Structure formats: structure tokens, C-alpha cells
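Naming: A, B, ... by sequence-line order, numbering from 1 per chain. Computed from a predicted structure; not experimentally measured.
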There are 2 protein chains.
Amino acid sequence: MLRNSAAEIPHDCGECPIRHRAVCSRCEADELERLDQIKYYRSFQAGQTVIWAGDRTDFVGSVVTGIATLTQTMEDGRTQMVGLLLPSDFVGRPGRASAAYDVVATSDLVMCCFRKKPFEDMMAATPSIAQRLLEMTLDELDAAREWMLVLGRKTAREKIASLLSIIGRRNASMNGQENTRERVFDLPLTREAMADYLGLTLETVSRQISALKRDGVIVLEGKRHVIVPDFDRLLIEAGDDCDGGLLT
Amino acid sequence: MLRNSAAEIPHDCGECPIRHRAVCSRCEADELERLDQIKYYRSFQAGQTVIWAGDRTDFVGSVVTGIATLTQTMEDGRTQMVGLLLPSDFVGRPGRASAAYDVVATSDLVMCCFRKKPFEDMMAATPSIAQRLLEMTLDELDAAREWMLVLGRKTAREKIASLLSIIGRRNASMNGQENTRERVFDLPLTREAMADYLGLTLETVSRQISALKRDGVIVLEGKRHVIVPDFDRLLIEAGDDCDGGLLT
DNA sequence: GTCAAACTTTGATTCAGATCAATGGGAAAG
DNA sequence: CTTTCCCATTGATCTGAATCAAAGTTTGAC
């Protein structure tokens, strides 16, 4: 059963953990105040579907804490993940009536939602929101295009190494532990979810993770806790340029 | 040798073939006039590289006529196309100093370019441009995500059928011949370019096109001219919903 | 007209990853 | 403590697409 824990959630934008990265990050105090009037928090449990593809949606919003996935499914059941939503990522498309993809909570999840119509109105009147959303959308487009290279041209081993390096990188940028040779993080995804992300089967994911472990590229503690002794080595395994690719 | 045929290009926005679809489509007369002052046309011959990945770029712009591709290349030479640029599509990213991808003219190409700094300034001051660019970027993101499903989960035959259906659809929407059972168009890409788009080899592309021809899904006249007797049949071969997917 | 270059098709063989099939934990429920 | 369920690993086999190889076709240059 759904237990809505909105009461435990901080409602003050000043203390919001994604205040400086989300769609509202460029808002002034008065703009935040107006956003505050149309916002509300929603909690989801791990495994819950947040939005069904094709459904009408009456809200957009930001991931505050937790992780969600954006997934596309074919009639015969084949599925492809098309986005991984981490804290501060935006969900929904202003100007569109129905959802294009399934959104599923991978961990327990808290979202800061805005009623759609008021948000659209506010966006039209508030350049700082529209500008930030454009910037975030362009970043997502770049990520999607990098992912197209992974899906289209990389081997299974390179795909796994690519996914690990992306998670390792995003994790480091949140903890401020960049530029360290060793990196440690938890995998937020099951083997099956990784397979859906990478266009592989879960068996192949498992085999390639075992292979990377055997070759000393990674060390596993349990199923989810990953230690990368030499991050550059991982990037080489991913087929990436060592300098970390295109983003600056 | 490069022959710049700018003299033959219409400079009047009122007669521009992409006036109603490009990034400037929502501009008023006075805004167009200001854009006019920072715009210039450039022509490229088929095969010419418009922008090299990593290069500093001092312009952004729109494809006016012709077709270009957006391509990513790994050190060992594997390449993946990550975008197909048709008339009205936008090239370049405001706010970024260097190009992330190679842009190559697939046919003879005319672009309407804006010097970057003035364009960025104007975007900040002109909501109609920023709004339209956001809309176009969201559309591209949707297209990229649909492509991720194609790359990650579809078979070679489905990939070819998907590409043909996308070209057939975009072509129909430009000629206003929607809703016809039969559709006719020219392939704007070589077999190799199709392979780069689909994450296949050119041999597999050739084989699957031959197979679709043998099975009567398509009729070929020459190498490039395609007749699709029953477009719904093609969509089924592509593994898509017959209703044409998510866009409305 | 011949020739060269670029593009395309088709065939034979190989191989990476899918599929089919057990087996192995670990955590929560009883 | 045992059972159950979910997730993960590992093995055996199969197959779709890659790779290697050779012609065929079209176009434009000379």
C-alpha cells in the first residue's frame, strides 16, 4: 500500500537539496515564492510506477531524492530505458498533454511537483525558468546522443564499463570527490535494469560484470557496492577518451 | 574546390522556405529585422564537413535546404550517427564554446547562420526565440529517445523498416501527403550512412533492404527511389504501433 | 568510347551475445 | 529455523549480424 510521507518532507525551498541544480535554480526569492504556491511533494516507493506512458498528466516536476527510470516498451514486451532520472532532473514536458514514457521509481522517491497549467503560465512569464529548462534539456539531449553511441557501436564489455563510468562520474560530481584515482559507489540499478539501459540481456550484464571483476577493473562488495581502483582504466575499458569526453 | 553560391540564395526572410518551422518561426517583423542583421548564408557541397567535433564554433544556424548528419566517432574509427538534420533543423548549442559532434553535409546544403554571441544576446532578450528553441530541443530529445529503442532493441530488419518509416513520415509531412496508403520518396542516405544511423554494417543494410524488397514491403527504382505500397505494413515491420507512435 | 572511383549486392564463414536451463545466495515472512 | 521469493551467477547451445571476400552497377572523367 502507498504510504504518503509528505509530512516528513521539508517544504522550504531554502533547505531543498536540489535548490541549486533544478529547474528553479535561477529563480529569485519572489519567483520561488510564486513557485511555492503551485508546488506539492509526492513520495513513491521503490518499484512504483510514477507515470504510465500514454496517460494524461497534470503535473511536471523535479526529482528531489531517489532514482527513477524513463522506459519505452514495445508491444511484444521488449523494453529500452531511455533516461535515468537522478535528483534535480526534470520530469514531464510542458506543452504536452500525455506522457511519452513510463516513469518508474527505482528507489524510494520524492518529487517536487508543479501543477502543469500554472507551471506553463509561469514559464511563459519567467525567463529564468525557461532558460534553465532549455539548458537542462540540451544537457539531456547530449546525454541521449552519447548513449546512442553506446547502444549502437559498443561491445557488451564497453557498455558495462560505460554505465559504471557514468554512474561513477555523476556520483563524484555530487560528492565533490572528483579527480581521485579510486572511486567508490553503489549501483542504483538491478542487473535487469542495467540490461534495459544497455540493450543487453541480464545474463550478459552479469557475465561482463564478472569479467571486469576477474580482470581487476572493478572490485565488488556484495552485489551492489562497487570499488573502482583506477578510474582511468575503467574509461579505457569503456572505449572513451581518457579526458572524459565532450562536456566541460 | 568550394564554390560559395551565396549570391543565388534568397536573403529575404519573407520568402524563406523554413520561415514557419525554424527557430525564428515565432518572431515578429521587428525581431526578424534584428535577426537579419546578424545572419548570413553559407553553402556546402555534398560530402563537405560543416563543423568538426571539438572545434571552436562562432556560429549557430538553421538548415535551409539539403541534408546534414550529426556524427560521433570513437578513436578506433567506429562511428554512430546521432542526428539527421533536415531543413529547419537547428545546428549548434548556444552557450557552448566548442562543437560536440561532426556535422557533415550529405547533400548540397544551404545554412542560415547567426554569429553566436549576438544570437545568444538576442535569445536572452527575445522570449519567442528561446521558446521555439526549447520546443525544438524537446522534439529532438523525443526523437533521440525513440532512436535509442531502435538501436537497443530492434532487429536489423526492424531497424531498416524504422528508418524508412521515419523518412517516409517526415517526407509526407513536408509535402502534405499524409494519410495515403502508398508513399513514395528518395533515400537521402547511402547504405553506409544508413548503417551508421542504425548501428549496423553496410552489408547488413543492403541485405535487409533486399529482403524487404523480396517480401514486397517496398519497391525500389534504382538504388535510392523507394515506393512503399502499404505504409501500415511498413510500420508493422518496424515493430511500431500502427497508430504512429507517441507524437500528436 | 574506355577507365576509374564510389557505391551496392551477394556469398561464405565466424563470433558475440541471445536463449535456454540450472544453480546459488540473501532478505523478509512465517 | 525453514520457506519463499527475488535477484544474480554460471554453463551449454544457438543464431543474427559481423567479418572477410568477390562481383556487379552507376557515374563521371578523360
**Request:** For the pair Asp108(A) (side chain) and Gln45(A) (backbone), establish whether a donor and an acceptor sit closer than 3.5 Å, ignoring hydrogens and angles.
**Result:** no

**Prompt:** Between Thr201(B) and dT19(D), is there a side-chain N or O to OP1/OP2 distance below 4.0 Å?
**Reply:** no

**Request:** Name all residues meeting the salt bridge (Lys or Arg N to Asp or Glu O under 4.0 Å) criterion together with Arg21(B); count only those two or more places apart in sequence or in a different chain, and write none if there are none.
**Result:** none

**Asked** So which one's nearest nucleotide on DNA chain D is more toward 5', Leu220(A) or Lys223(B)?
**Response** Leu220(A)

**Message:** Applying ring-ring contact (aromatic ring centres under 6.0 Å, His included) as the test, list every pair that has at least one member in residues 53-82 of chain A; sequence neighbours left out.
**Reply:** none

**Complete:** Applied to residues 187-196 of chain A, the side-chain hydrogen bond (donor to acceptor under 3.5 Å, both in side chains) test, sequence neighbours excluded, yields Thr79(A)-Asp196(A), Asp196(A)-Arg153(B)

**Asked** With respect to Tyr197(B), which candidate in Leu84(B), Val82(B), Ile166(B) satisfies the side-chain contact (heavy atoms from CB on, under 4.5 Å) definition?
**Response** Leu84(B)

**Message:** Checking Gln80(A) against Leu151(A) for the side-chain contact (heavy atoms from CB on, under 4.5 Å) test, could you report, in this order, the C-alpha distance in whole Å, the side-chain angles of both residues, the deciding distance, and whether it holds?
**Reply:** CA-CA 10 Å; Gln80(A) 175 65 50; Leu151(A) 289 171; 3.9 Å; yes

**Item:** Opening and closing nucleotides of DNA chain C in contact with chain A, under 4.0 Å to non-hydrogen atoms
**Value:** dG17(C) to dC20(C)

**Prompt:** Just by distance, do the side chain of Ser107(A) and the backbone of Ile67(A) share a donor-acceptor pair under 3.5 Å?
**Reply:** yes

**Message:** Just to be sure I understand the rule, does Gly199(B) reach a base, reach only the sugar-phosphate, or reach nothing, if contact means heavy atoms closer than 4.0 Å?
**Reply:** sugar-phosphate

**Asked** With the threshold set at 4.0 Å, does a side-chain nitrogen-carboxylate oxygen contact exist between Glu237(A) and Arg233(A)?
**Response** yes

**Request:** Check step by step if side-chain contact (heavy atoms from CB on, under 4.5 Å) holds for Arg78(B) and Glu158(A).
**Result:** CA-CA 13 Å; Arg78(B) 282 176 282 177; Glu158(A) 289 170 334; 2.8 Å; yes

**Asked** Which ones in residues 149-159 of chain B lie close to DNA chain C, meaning a heavy atom under 4.0 Å from one of its atoms?
**Response** none

**Prompt:** Quick one: side-chain hydrogen bond (donor to acceptor under 3.5 Å, both in side chains) pairs with a partner in residues 210-227 of chain A, sequence neighbours left out?
**Reply:** Arg157(A)-Asp215(A), Asp186(A)-His225(A)

So which protein N/O to nucleotides 11-13 of chain D N/O distances come out below 3.5 Å?
residue	atom	partner	partner atom	Å
dG11(D)	N7	Arg207(A)	NH1	2.8
dG11(D)	O6	Arg207(A)	NH2	3.1
dA12(D)	N6	Arg207(A)	NH2	3.4

**Asked** Looking at five pairs on each end of the helix from dG1(C)-dC30(D) to dG30(C)-dC1(D), what is the angle between the two axes, given to 10 degrees?
**Response** 30°

**Protein-nucleotide distance (Gln45(B), atom CD; dG28(D), atom P), rounded to Å** = 14 Å

**Request:** Figure out the CD/P separation between Gln208(B) and dG16(D), and round it to whole Å.
**Result:** 10 Å

**Request:** Indicate, with a heavy-atom threshold strictly under 4.0 Å, whether Leu202(A) touches base, sugar-phosphate, or nothing.
**Result:** base

**Item:** Separation of atom CZ in Arg224(B) from atom P in dT26(D), rounded to whole Å
**Value:** 13 Å

**Prompt:** How long is the line joining NE2 of His225(B) and P of dT26(D), in whole Å?
**Reply:** 16 Å

**Request:** Could you check Arg145(B) against Glu140(A) for side-chain contact (heavy atoms from CB on, under 4.5 Å), going step by step and ending with a plain yes or no?
**Result:** CA-CA 10 Å; Arg145(B) 286 174 165 161; Glu140(A) 273 188 279; 2.8 Å; yes

**Request:** Check whether any side-chain N or O of Thr204(B) sits under 4.0 Å from OP1 or OP2 of dA17(D), and answer yes or no.
**Result:** no

**Asked** Judged by atom type as modelled, is there a donor-acceptor pair below 3.5 Å linking the side chain of Ser206(B) to the main-chain atoms of Leu202(B)?
**Response** no

**Asked** What residues form a salt bridge (Lys or Arg N to Asp or Glu O under 4.0 Å) with Arg170(B), not counting sequence neighbours?
**Response** Asp89(B)

**Prompt:** Is a donor on one side and an acceptor on the other found under 3.5 Å between the side chain of Ser62(B) and the backbone of Val64(B)?
**Reply:** no

**Item:** Counterpart residues, salt bridge (Lys or Arg N to Asp or Glu O under 4.0 Å), relative to Asp230(B) (two or more places apart)
**Value:** Arg181(B)

**Request:** List in numerical order all residues of residues 186-198 of chain A for which some heavy atom is under 4.0 Å away from an atom belonging to DNA chain D.
**Result:** Thr190(A), Arg191(A)

**Asked** Can you name the salt bridge (Lys or Arg N to Asp or Glu O under 4.0 Å) partners of Asp55(B), sequence neighbours left out?
**Response** none

